[in-house]
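To keep things clear, I will list the structure first and then write my remarks on it.
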Amino acid sequence: RRARQLGHGSRPESEITPGQVLTPDGAGQITGVEEIVTSGFSFSCARTADEVYCWGRNQRGQLGDVDDMGRPVAHDTCVVDTTEMWDCSDTPVVVGGVSPLGATSDLDLGSQHVCAVQGTGGPGQVVCWGENRGRQAGQADADNVPAPTAVAGVDDAVMIATGSNHSCALRGDGTVACWGLNRDGQLGDGLESHGTNCMLDSENVDCSATPVTVSGIDDATFIAARASFTCVTRGGDGSVWCWGNNNNKQLGDGSRMNRFEPVMVMGTSTAP
């Protein structure tokens with residue numbers, strides 16, 4: 001709990017009993033939560049009918065908390081070891097800070113970034129915040145995005161999915177748009193170059209801040225992403241299609257080849 005990811009307020013580093021996540025002022029507990037998502041990088045976010053809250057690690061601005069000048073708000077200092085410290089919060093903060101994000105219909109967390117679909121009751125605008133070194137927050141000119149910021153051209157999303165360094169949105173018409181790193185084919189449009197490189201582990205790799213359309217998918221009904229790959233369920237025959245990294249055969253096509261456009265998971269089609 002060195003990154004304060006449990007949201008219990010000032011408690012010991014390790015907890016062996018459950019505790020309720022506190023309100024931003026620490027005086028009560030968050031209620032009415034409709035969705036909660038956790039990241040492997042020690043932070044979590046939850047959405048209610050009216051707000052989004054995040055807590056824990058804030059190294060890249062993933063808590064989305066800014067002041068009236070758009071600058072990241074400082075919280076506590078969490079110490080990892082003698083050489084590494086970062087900002088963190090042991091109680092939830094309201095995403096957007098002085099300009100709250102408000103109601104959202106879907107939410108997902110990458111390693112150190114967050115994306116959400118604004119509004120309720122229908123397709124909405126995608127906003128992202130946090131780490132953007134791979135352009136996974138959809139902005140072309142910043143390594144970190146401290147406040148929720150619209151992803152250009154994706155105002156008709158019904159669902160969002162985030163991997164470590166890429167993001168994808170399921171649109172209302174069944175198509176899928178992706179942006180961010182593309183070293184392993186995460187963008188799914190069949191292209192290995194988008195004219196821009198981003199740094200990943202001291203390596204320049206292909207990336208795109210501009211959302212691109214995933215090839216061959218026009219009837220998706222569900223989307224999920226992890227690490228460096230994404231999968232969708234298709235409405236026509238119920239089949240599952242995936243793209244991106246395939247080192248551990250996670251794409252389910254019988255190979256270990258990375259796929260730059262979707263391939264069907266073997267045995268998932270209900271078509272005769």
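Just so you know, these numbers use all the heavy atoms, side chains as well, and skip hydrogens, waters and symmetry mates.
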Notebook entry, point to check: Out of curiosity, Trp241 CH2 to Ser269 OG, how far, rounded to the nearest 0.5 Å?
Noted result: 8.5 Å
Note to self: Between Asp90 and His75, is there a side-chain donor-acceptor contact under 3.5 Å, judged purely by atom types and distance?
What the structure shows: no
Margin query: Any non-hydrogen side-chain atom of Val114 less than 4.5 Å from a side-chain atom of Leu107?
Written below: yes
Review item, side-chain donor-acceptor pairs of residues 202-212, under 3.5 Å, at least two apart:
residue: Glu203; atom: OE1; partner: Arg183; partner atom: NH1; Å: 3.3
residue: Asp206; atom: OD1; partner: His194; partner atom: N; Å: 2.6
residue: Asp206; atom: OD2; partner: Asn182; partner atom: ND2; Å: 2.9
residue: Asp206; atom: OD2; partner: His194; partner atom: ND1; Å: 2.7
residue: Ser208; atom: OG; partner: Thr210; partner atom: N; Å: 3.2
residue: Ser208; atom: OG; partner: Thr210; partner atom: O; Å: 2.7

Checklist line | Donor-acceptor under 3.5 Å (Asn132 side chain, Ala142 main chain) | finding: yes
Note to self: Just to verify, which of His113, Gln136, Arg135 counts as forming a side-chain hydrogen bond (donor to acceptor under 3.5 Å, both in side chains) with Ser167?
What the structure shows: His113
Next item on the list: Decide side-chain contact (heavy atoms from CB on, under 4.5 Å) for Cys168 and Ile223; before the verdict, give the C-alpha distance in whole Å, the side-chain angles of both, and the deciding distance to 0.1 Å.
Entry: CA-CA 8 Å; Cys168 296; Ile223 187 168; 3.7 Å; yes
Notebook entry, point to check: Side chains of Leu101 and Val127: closer than 4.5 Å at any heavy-atom pair?
Noted result: yes
Check: Is a side-chain N or O of Trp243 found less than 3.5 angstrom from the main chain of Gln186, in a donor-acceptor match?
Finding: yes
Check: Would you say Glu34's side chain and Ser105's backbone share a donor-acceptor pair under 3.5 angstrom?
Finding: no
Next item on the list: For the residue pair Thr230 and Arg226, confirm or rule out a side-chain donor-acceptor distance under 3.5 Å.
Entry: no
Notebook entry, point to check: Any salt bridge (charged side-chain N to carboxylate O under 4.0 Å, His left out) pairs touching residues 104-119, not counting sequence neighbours?
Noted result: none
Notebook entry, point to check: Taking the side chain from Thr104 and the backbone from Gln118, do they hold a donor-acceptor pair closer than 3.5 Å?
Noted result: no
Check: If only atom types and distance count, is the side chain of Arg256 paired as donor or acceptor with the main-chain N or O of Asn247 below 3.5 Å?
Finding: yes
Check: Looking only at heavy atoms, which two atoms of Ser215 and Gly190 are closest? And how far apart?
Finding: OG-N, 3.9 Å
Note to self: Is there a continuous path of hydrophobic side-chain contacts, each under 4.5 Å between heavy atoms, that joins Val154 to Val117?
What the structure shows: yes
Notebook entry, point to check: Under the salt bridge (Lys or Arg N to Asp or Glu O under 4.0 Å) test, which residues partner Asp184, sequence neighbours left out?
Noted result: none
Item checked: Student check: side-chain heavy atoms of Val232 and Pro262 closer than 4.5 Å -> no
Next item on the list: Report yes or no: do Val37 and Met159 belong to one cluster of Ile/Leu/Val/Met/Phe/Trp/Tyr joined by side chain heavy-atom distances under 4.5 Å?
Entry: no
Checklist line | Closest heavy-atom pair and its distance - Gly96, Val66 | finding: O-CG2, 3.7 Å
Checklist line | Joint hydrophobic cluster, Phe222 plus Val158, side-chain heavy atoms closer than 4.5 Å | finding: yes
Margin query: Rounded to the nearest 0.5 Å, what separates atom OG1 in Thr213 from atom CG in Asp189?
Written below: 8.0 Å
Check: If you take all heavy atoms of Ser39 and Gly110, which pair is closest and at what distance?
Finding: OG-O, 2.9 Å
Notebook entry, point to check: Are the side chain of Gln112 and the backbone N or O of Gly130 linked by a donor-acceptor pair below 3.5 Å?
Noted result: no
Next item on the list: Could you point out which residue of Asp155, Asp156, Asp218 forms a side-chain hydrogen bond (donor to acceptor under 3.5 Å, both in side chains) with Arg171?
Entry: Asp156
Next item on the list: Determine yes or no for a side-chain-to-main-chain donor-acceptor pair under 3.5 angstrom, with Asn245 supplying the side chain and Ser228 the backbone.
Entry: no
Margin query: Nearest 0.5 angstrom please: Leu170 CG to Ile160 CD1, how far?
Written below: 9.5 Å
Next item on the list: Spell out, yes or no, whether Leu187 and Val176 are grouped together once hydrophobic residues are joined by side-chain heavy atoms under 4.5 Å, including indirect joins.
Entry: no
Margin query: Taking the cut-offs as 6.0 angstrom to the six-membered ring centre and 45 degrees off its axis, would you call Arg57 and Trp86 a cation-pi pair?
Written below: yes
Next item on the list: Give the minimum heavy-atom separation between Gly244 and Leu251, together with the two atoms involved.
Entry: O-CD1, 3.5 Å
Next item on the list: Supply the atom-to-atom distance Ser42 OG to Gln62 CD, rounded to the nearest 0.5 angstrom.
Entry: 9.5 Å
Item checked: Rounded distance (nearest 0.5 Å) linking atom NE2 of His166 with atom OG of Ser111 -> 10.5 Å
Next item on the list: Could you please spell out the steps behind the side-chain contact (heavy atoms from CB on, under 4.5 Å) verdict for Thr48 and Ile30?
Entry: CA-CA 9 Å; Thr48 66; Ile30 290 180; 4.2 Å; yes
Next item on the list: Rounded to the nearest 0.5 Å, what's the gap from SG on Cys88 to CD on Gln59? Could you check?
Entry: 11.0 Å
Checklist line | side-chain contact (heavy atoms from CB on, under 4.5 Å) evaluation trace for Asn246 with Asp253 | finding: CA-CA 9 Å; Asn246 199 27; Asp253 68 339; 3.2 Å; yes
Margin query: Show, in sequence, the C-alpha distance, side-chain angles and deciding distance for Trp179 and Val151, and conclude whether the side-chain contact (heavy atoms from CB on, under 4.5 Å) test is met.
Written below: CA-CA 9 Å; Trp179 57 96; Val151 176; 3.9 Å; yes
Notebook entry, point to check: Of all heavy-atom pairs between Ser239 and Met264, which one has the smallest distance, and what is that distance?
Noted result: CB-SD, 3.8 Å
Check: Is it true that a side-chain atom of Asn248 and a backbone atom of Gln250 form a donor plus acceptor pair closer than 3.5 Å?
Finding: no
Check: Between Leu63 and Gly56, which heavy-atom pair has the shortest distance, and what is it?
Finding: CD1-O, 3.7 Å
Item checked: Whether Thr221 side chain and Thr233 backbone form a donor-acceptor pair below 3.5 Å -> yes
Check: More than 12 non-hydrogen atoms from neighbouring residues, nucleotides or ligands closer than 6.0 Å to CE on Met199, yes or no?
Finding: yes
Next item on the list: Report yes if some heavy atom in the side chain of Thr38 is under 4.5 Å from a heavy atom in the side chain of Leu109; otherwise report no.
Entry: no
Note to self: Under a 3.5 Å distance rule, please check whether Thr268 uses its side chain to pair with a backbone N or O of Val265 as donor and acceptor.
What the structure shows: yes
Item checked: Single-linkage hydrophobic cluster Tyr53~Val33, side-chain heavy atoms < 4.5 angstrom -> yes
